[in-house]
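A note on names: the letters A, B, ... follow the listed sequences, proteins ahead of strands, and every chain is numbered from 1.
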Amino acid sequence: MTDRVRIAPSPTGPLHIGTARTALYNYLHARHVGGTFILRLEDTDQVRSTVEFEKDILDGLHWLGLDWDEGPEVAGEPARGPHAPYRQMERLPTYAAAAQQLLAEDLAYPCYCTPEELEADRRAQEAAKQPPRYVGRCAKLTIDERRAREAEGRRGVLRFRVGEGIVAFDDIVRGRVEIDVANLGGDFVIVRADGTPLYHFTVVVDDAAMEVTDVIRGEDHLSNTPKHILLFRALGHAVPRFAHLPLILNPDRTKMSKRKSQTAIDDYIAQGFIKEALVNYLALLGWSTGTEEEILSLDELVDRFDVRNVHKGGAVFDRERLEWLNGQWIRRLPPDELIDRMRPFVEAELAAGRIERMPSDEELRALLPVIQERLPTLGAIGDLVGFLWVTDLDVDPAALVPKRWDAATAREGLAAARDTIAGIGDVSFEADELEPPLRGLAEEGGWKAGDLFMAIRVAVTGRTATPPLFDTLVALGRQRVLDRLDRALAVLDREEDST
RNA sequence: GCCGCAUUCGUCUAGAGGCCUAGGACACCGCCCUCUCAAGGCGGAGAUCACCGGUUCGAAUCCGGUAUGCGGUACCA
């Protein structure tokens, strides 16, 4: 049988970095071995699950390019795959049947303990320095006793009998793991009093029903795996293989969390990280090719991926490295592609009022040679060249005066530069045509070219760090360059008056 | 507390008994390039391979213990 793997997110929050990586590893495995990648929504936590989160997760996975072979119906699109539905709240009858089966075979039993009773048990165990576990008060209730509770109007939960013994399994990444059933905390609840099933139960029923062969998931489920194995056996199903992935960590090495790190994929998208970089980075967080290759596309990753090489230790999420990879991938984007991906970020600048007009695609294309290698993220576009799309520039008078110069020199230099530039015709307004005369001017004035250029740069852009000056002048256009130089001169004059 | 898992430069990692005076990358520092900023090139600093014992002619690699960290221990997933 070919491998069947799945990603089973819970729509209780936006797509999380950790979920994205788990999805990626499952996807890479499926594609590498020619297996099937299934998406299943685990929405049994009705209190926290929302359709908005569900959409967010699906959109995020699509954005990353992780397309599934089998999954739920979404927005009119019918469900794909032979085991629909793929949304747990639509599979309630399946769980009810499985629960009925366990109950009939006495592998599970109704428990009528109240929250108060359970809380008291827990407290007593704590006081006695015992590990918390269900004491089994309802484990041996007779049929009559059960009826009596029901008659009192009590609604029981369903508990699974864990029995005793050692549960062992060979985890693909961790090797052999053995856990004594005695440490599982006693018979655990598989169906709530309101009849809805719990995670440990649904995950097993579904993995069995969907014929999942390899469960590739986060390490936080490692300790729960014996419960799953017991359930698979009780239900009479084959136990799948397990591969527990190392956790992604906060800088303090605790499990990555919203409190301490940015965990939503959305946020990275909004900042201008591109999917190629995110996929590449996530793939290498906890796995490596074993070679020194590190810039890898999704296809190249598929080609090289092997779950058996996944690491055991957790990995700290390093944003700096992600940014570096992002820059690498931005530089590899074809021009049209870059423009398409950049446009929303320029639009966002416009919407935020940081620029005043939307540049055309031609304008953006002309800029590409000087900005492509200067963008660590797409969101940096406004910061880099936003000065091109505003009418009035705020210029700090102090910045107009290069370090080695005084105000008078700056005034003189800028005035001379204005004349020189004014003398260059519109048709000749190209980088190659601008540089020689301005260098000549610096020489005549006895200035260092760098100082003159810096004064001009600040005058026309308002910044000390910009793309190359002459390309920048061309992008601004002759008239705007002259206007801004005039304004800068006026600013310098005003400063002089006020001192 | 109990159970489980983990531990190589600050970070991501290479490493499957001799090729390791531990390699690469990010970040950091310096130099080159250069009109600034990037990008790129070159170089540097940075790891007693958590610790202690053992096995072996030889251990980052095998075994045992200790420590530390993390995860699990819900009518969350």
Side-chain angles (χ1 to χ4, degrees), chain A residues 8-13 19 42-45 47-49 111 113 115 118 122 125-126 128-133 155-159 171 174-175 177-180 182-186 188-194 196-200 202-203 218-226 244 246-247 249 251-255 281 284-295 311-325 327-328 331 370-376 384 402 435 438-439 442 448-454 456-458 461 463-470 472:
Chain A
S10 189
T12 53
T19 308
E42 308 215 324
D43 55 354
T44 54
D45 182 348
V47 179
R48 296 192 300 147
S49 297
C111 164
C113 294
L118 295 173
R122 208 168 3 248
Q125 286 157 348
E126 199 176 326
K129 297 226 184 287
Q130 296 292 313
R133 78 192 322 272
R155 299 277 312 273
V157 300
L158 193 63
R159 281 187 189 273
D171 190 280
R174 272 142 225 285
V177 177
E178 296 185 356
I179 295 178
D180 193 326
N183 294 315
L184 258 29
F188 57 93
V189 179
I190 56 177
V191 179
R192 293 182 179 92
D194 69 4
T196 56
L198 254 9
Y199 169 76
H200 295 309
T202 59
V203 75
E219 183 191 336
D220 41 356
H221 289 299
L222 187 63
S223 302
N224 293 144
T225 301
H244 286 93
L247 259 20
L249 276 18
D252 64 4
R253 305 202 73 90
T254 51
K255 179 162 107 173
Y281 179 70
L284 264 22
L285 246 200
W287 170 79
S288 75
T289 60
T291 69
E292 283 175 2
E293 298 176 293
E294 49 187 356
I295 311 285
H311 308 147
K312 300 172 201 251
V316 173
F317 188 88
D318 181 5
R319 192 197 161 89
E320 305 246 38
R321 197 171 154 81
L322 205 212
E323 276 196 22
W324 170 75
L325 263 175
Q328 292 293 322
R331 270 164 243 142
V370 292
I371 63 174
Q372 189 157 16
E373 67 191 28
R374 273 167 251 263
L375 286 173
L384 222 207
E435 184 162 359
L438 285 168
R439 282 198 184 276
K448 296 195 86 154
D451 290 335
L452 208 220
F453 295 171
M454 182 53 85
I456 300 173
R457 166 177 291 111
V458 174
T461 69
R463 339 190 35 123
T464 55
T466 71
L469 181 62
F470 307 105
T472 302

Describe the nucleic acid contact of A:D220 in one word from base, sugar-phosphate, nothing, applying a heavy-atom distance below 4.0 Å. sugar-phosphate
Once you apply a heavy-atom cut-off of 4.0 Å, does A:V189 come out as touching a base, just sugar-phosphate, or nothing? sugar-phosphate
Euclidean distance for C1', B:A38 against B:U13 (whole angstrom): 27 Å
Below 4.0 angstrom from OP1 or OP2 of B:G10, is there any side-chain N or O of A:R319? no
With a 3.5 Å limit on both atom pairs, tell me what B:C51 is paired to, counting Watson-Crick and G-U wobble, or say none. B:G65
Does A:R192 place a side-chain N or O at less than 4.0 Å from the phosphate oxygens OP1/OP2 of B:C76? yes
By the 4.0 Å heavy-atom rule, please label A:T196 as base, sugar-phosphate, or nothing. nothing
Looking at B:A60, which nucleotide sits across from it as a Watson-Crick or G-U wobble partner, both distances under 3.5 angstrom, or is there none? none
Using a heavy-atom cut-off of 4.0 Å across all strands, would you classify A:P9 as base, sugar-phosphate, or nothing? nothing
May I have the distance from A:N183 (atom CG) to B:C3 (atom C1'), rounded to whole angstrom? 5 Å
Tell me what A:E178 touches on the nucleic acid: a base, only sugar-phosphate, or nothing, going by heavy atoms under 4.0 Å. sugar-phosphate
Using both distances under 3.5 Å as the test, list the Watson-Crick or G-U wobble partner of B:G30, or none. B:C42
Under 4.0 angstrom, heavy atoms only, what part of the nucleic acid is A:L247 near: base, sugar-phosphate, or nothing? sugar-phosphate
Length of the CZ-C1' vector between A:R133 and B:G72, whole Å: 15 Å
Is any side-chain N of the basic residue among A:E126 and A:R122 closer than 4.0 Å to the acidic one's carboxylate O? no
For B:U73, take OP1 and OP2 only and decide whether either is under 4.0 Å from a side-chain N or O of A:Q130. no
Specify the separation, in whole Å, of atom CG of A:L118 and atom C1' of B:C75. 9 Å
Which one is paired to B:C70, where only Watson-Crick or G-U wobble pairs with both distances under 3.5 angstrom count? B:G4
Counting only side-chain nitrogens and oxygens, does A:R439 get under 4.0 Å of the OP1 or OP2 atom of B:C35? yes
Which whole number of Å gives the distance between the C1' atom of B:G15 and that of B:C49? 10 Å
